[in-house]
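The next block holds one structure in the form of structure tokens; read it before the comments.
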Amino acid sequence: MQKKITLKIDVTKIDKTRLYEGKKGVYLDCLLMPNRDGESKFGDDGFIIQSISAEARAAGERGPIVGNWRYLAAVADLAPEDKPQQEDGERIPF
């Protein structure tokens with residue numbers, strides 16, 4: 001069974017000085033933290049923190065909280081043999 005997660009990020013809270021450029025774009029590292037007391041009154045399961053460097057953490061800095069996350073309903077995995085098979089002669093109209 002898979003659990004899917006949905007994120008809501010307030011992009012105005014992102015520290016743009018901590019974004020970094022990679023080969024295929026500009027990236028933001030984040031950390032998903034679960035709520036200590038379980039689901040919040042808004043239905044969120046945790047919050048999103050923008051990652052910071054190890055040196056900044058050692059200096060006592062904390063990354064900004066930029067959003068929240070929650071689990072979506074669990075989705076059962078279908079093994080290839082469990083997927084419905086198309087019978088001979090059945091044609092998909094497109």
Side-chain angles (χ1 to χ4, degrees):
M1 189 101 82
Q2 291 182 18
K3 284 191 175 181
K4 293 185 178 186
I5 297 174
T6 182
L7 308 172
K8 291 185 180 179
I9 297 176
D10 181 349
V11 296
T12 63
K13 294 182 179 180
I14 293 172
D15 179 357
K16 287 151 184 73
T17 63
R18 297 195 187 276
L19 298 177
Y20 65 95
E21 191 158 348
K23 290 183 180 180
K24 295 184 179 183
V26 178
Y27 294 90
L28 165 69
D29 281 338
C30 290
L31 178 65
L32 301 180
M33 296 291 295
N35 292 332
R36 289 184 184 151
D37 300 325
E39 187 176 302
S40 74
K41 65 181 179 181
F42 303 107
D44 297 319
D45 293 302
F47 54 98
I48 305 165
I49 300 173
Q50 184 174 359
S51 298
I52 59 174
S53 67
E55 295 83 20
R57 277 192 307 277
E61 289 183 48
R62 299 176 86 164
I65 296 175
V66 296
N68 297 297
W69 62 270
R70 70 177 60 166
Y71 288 113
L72 294 178
V75 178
D77 291 329
L78 286 178
E81 62 274 1
D82 294 339
K83 292 183 182 175
Q85 298 294 320
Q86 190 173 2
E87 293 183 21
D88 291 338
E90 281 189 36
R91 295 274 187 231
I92 298 176
F94 50 88

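Remember, predicted model here, so these are calculated numbers, not experimental data. Below, each value reflects all heavy atoms present in this structure, side chains not excepted, and no hydrogens, waters or symmetry copies.
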Path from I49 to L28 over hydrophobic side-chain contacts below 4.5 Å: no
Are L7 and L31 in one and the same hydrophobic cluster, where Ile, Leu, Val, Met, Phe, Trp and Tyr link if side-chain heavy atoms are under 4.5 Å apart? no
Tell me whether the count of non-hydrogen atoms from other residues, nucleotides or ligands lying under 6.0 Å of CZ in F42 goes above 12. no
So I52 and R57, do their side chains get closer than 4.5 Å, heavy atoms only? yes
Do L32 and I48 come close enough that some side-chain heavy atom pair is under 4.5 Å? yes
Between atom OH of Y20 and atom OG of S51, what is the distance when rounded to the nearest 0.5 Å? 9.0 Å
Considering non-hydrogen atoms only, spot the tightest contact between [X] and [Y] and give its length.
{"X": "V66", "Y": "C30", "result": "CG2-SG, 4.5 Å"}
{"X": "R18", "Y": "E61", "result": "NH2-OE1, 3.0 Å"}
{"X": "Y71", "Y": "D45", "result": "N-OD2, 2.7 Å"}

Check the pair R70, D44 against salt bridge (charged side-chain N to carboxylate O under 4.0 Å, His left out), reporting the backbone distance first and the verdict last. CA-CA 5 Å; R70 70 177 60 166; D44 297 319; 3.0 Å; yes
D37 backbone acceptor or donor facing N35 side chain under 3.5 Å: no
Hey, is the main chain of I9 close enough, under 3.5 Å, to the side chain of W69 for a donor-acceptor pair? no
